[in-house]
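The block underneath contains the structure these notes are about, expressed in structure tokens.
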Amino acid sequence: MADPKGFLTTPREEWPRRPVGERVRDWNEVYVPGALLPIVGPQADRCMDCGVPFCHQACPLGNLIPEWNDLVAREDWRAAAERLHATNNFPEFTGRLCPAPCEAGCVLAINQPAVTIKNVECAIADRAWEEGFAPPAPPERLSGRTVAVIGSGPAGLAAAQQLTRAGHTVAVYERDDRVGGLMRYGIPEFKMEKRHLERRVEQMRAEGTKFRTSTTVGRDVDAAELRTRYDAVVLATGATAWRELAVPGRELAGIHQAMEYLPLANRVCEGDLESSPLSAAGRHVVIVGGGDTGADCLGTAVREGAASVTQLDIYARPGPERDEDAEPWPTYPKVYRLSAAHEEAGALRTAPAADADARLFAASTLRFSGDGEGRVGALHLVEVDSGRRAVPGTERVLPADLVLLALGFSGPDREDGLVARLGVALSPRGTLARDAGFATNVPGVFAAGDAARGQSLIVWAIAEGRAVASAVDRYLTGAAGRLPAPITPDDRPMTV
């Protein structure tokens, strides 16, 4: 380590966010531009270069965190970029979007604030682009083998880049008009500006990856016929089948899924629309679901000028510190976290009836009532105990003329005919079934990402993409170990 006493002398300092009043008036990323590099060197110096670095274990990519921390502290940015990209195809994505399980596994986090691993990662990635340390890496020779990757989310893109660099001819099929999957139309611009995505896609094009957008396999292209055209197929369609809320009044107008709402706001940022037809402007918004997607809806509604925004979380408010008995280090703890969107909502008091950050914890939706004209007008809720049982006498009514359901996803979309036409088997959970080598029951067809694993984090999706690429390469060439495989299909995050 560059400074053996850095973890003792330097306090944790995170990338500062722009003032709330400034950032809610635009869609730019919430952080102060240029404010990360001046602080990231001393922060990297806090890394203790542990004999057993549990940050490796907590990260499914196996990122070489102590190594690039040391290189950043020594200002060797080129070497840091090489070590970072050795395990992660898209660190500029994870440095902005990943919840950083590596920091929960940081040995320093046993009794101090963890190293700001995520900020260091983002700084390396951005510096690599600025300095030209991330040039396209086309293969020296082609293998003559072809691969179709269906889906251009992080798993599909990682698989495509790895296979292209290995010399295979890869085509990525995406049903939307632009590449990126949920990173494109599900992640708001204020969390990750799409220029980062565009830059990486252009790099992949320069390496030889082909992209086929506005193409739904199973509808626009016959899935079985596609299988005969390619030597291998990777299914990385994501888990896009959203969960429903079966309560009285669900049929009322004005109740929408989060993934009906968020893409429209992103299309406004892309310049496709002047304004969203589901804009929250002037409306009383209630978001059902306490996860990251709900927070994305919250930040979007605030920027659209909602009259009020309240977010319901069925779980009780977690404490500020790790519960060492239930979630001991180095597992990822459920603690109270204040995202940028919650900070904004709290500062602007968007939900007077809620807690300070616009969330109502331990709250469950009972029903919706209308305004007499077929539109939703109110949401009826009740407090619940730890077993999700209603607490008598706690019913409340919130005004709501726009309700957004952010309840997660159950598995891949099966309405387009892709799964049925290929004949791919499903697991009991409704995800794509696969063996220990990421292969489905159909020869030459592999499955990766949320479509097979179930809804997960971006860092797991990239790890899946890299691992399935290794499996496909072995299938095509008969040689094992040519590409890294950071995880197996059965690997899961650390738990007690």
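Computed from a prediction, not measured in an experiment: that's the story for all the values here.
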Search all heavy atoms of [X] against all heavy atoms of [Y] and return the closest pair with its distance.
{"X": "H196", "Y": "F93", "answer": "O-CE2, 3.8 Å"}
{"X": "A128", "Y": "A81", "answer": "CB-CB, 3.8 Å"}
{"X": "D435", "Y": "P489", "answer": "O-CG, 3.4 Å"}

Around atom [atom1] of [X], are there more than 12 heavy atoms of other residues, nucleotides or ligands at under 6.0 Å?
{"X": "E75", "atom1": "CD", "value": "no"}
{"X": "K210", "atom1": "NZ", "value": "no"}
{"X": "R178", "atom1": "CZ", "value": "yes"}
{"X": "D416", "atom1": "CG", "value": "yes"}
{"X": "R414", "atom1": "CZ", "value": "no"}
{"X": "E260", "atom1": "CD", "value": "yes"}

Strictly below 4.0 Å, N to O, side chains only: are [X] and [Y] in salt-bridge contact?
{"X": "E131", "Y": "R78", "value": "no"}
{"X": "R195", "Y": "E202", "value": "no"}
{"X": "E189", "Y": "K194", "value": "yes"}
{"X": "E270", "Y": "R184", "value": "yes"}
{"X": "R12", "Y": "E14", "value": "yes"}
{"X": "D413", "Y": "R175", "value": "yes"}
{"X": "D177", "Y": "R267", "value": "yes"}
{"X": "E327", "Y": "R322", "value": "no"}
{"X": "K191", "Y": "E29", "value": "no"}
{"X": "R96", "Y": "D126", "value": "yes"}

Euclidean distance, [Y] [atom2] relative to [X] [atom1], rounded to 0.5 Å:
{"X": "D222", "Y": "L418", "atom1": "CG", "atom2": "CG", "value": "10.0 Å"}
{"X": "I117", "Y": "Q43", "atom1": "CD1", "atom2": "CD", "value": "11.5 Å"}
{"X": "R83", "Y": "L71", "atom1": "CZ", "atom2": "CG", "value": "8.5 Å"}
{"X": "Y185", "Y": "D272", "atom1": "OH", "atom2": "CG", "value": "5.5 Å"}

Can you pull out every salt bridge (charged side-chain N to carboxylate O under 4.0 Å, His left out) where at least one residue sits in residues 134-162? Sequence neighbours excluded, please. none

By side-chain hydrogen bond (donor to acceptor under 3.5 Å, both in side chains), which residues pair with E121, not counting sequence neighbours?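 Here the qualifying residues are N88, T94.
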
Check against side-chain contact (heavy atoms from CB on, under 4.5 Å), L262 and T300: CA-CA 8 Å; L262 290 172; T300 299; 3.6 Å; yes

Which residue in the set V468, T169, T209, V147 passes side-chain contact (heavy atoms from CB on, under 4.5 Å) when paired with L163? V147

Check whether NZ of the Lys or CZ of the Arg R434 lies under 6.0 Å from the centre of the six-membered ring of F446 and within 45 degrees of that ring's axis.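 Negative - R434 is either too far from the ring of F446 or too far off its axis.
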
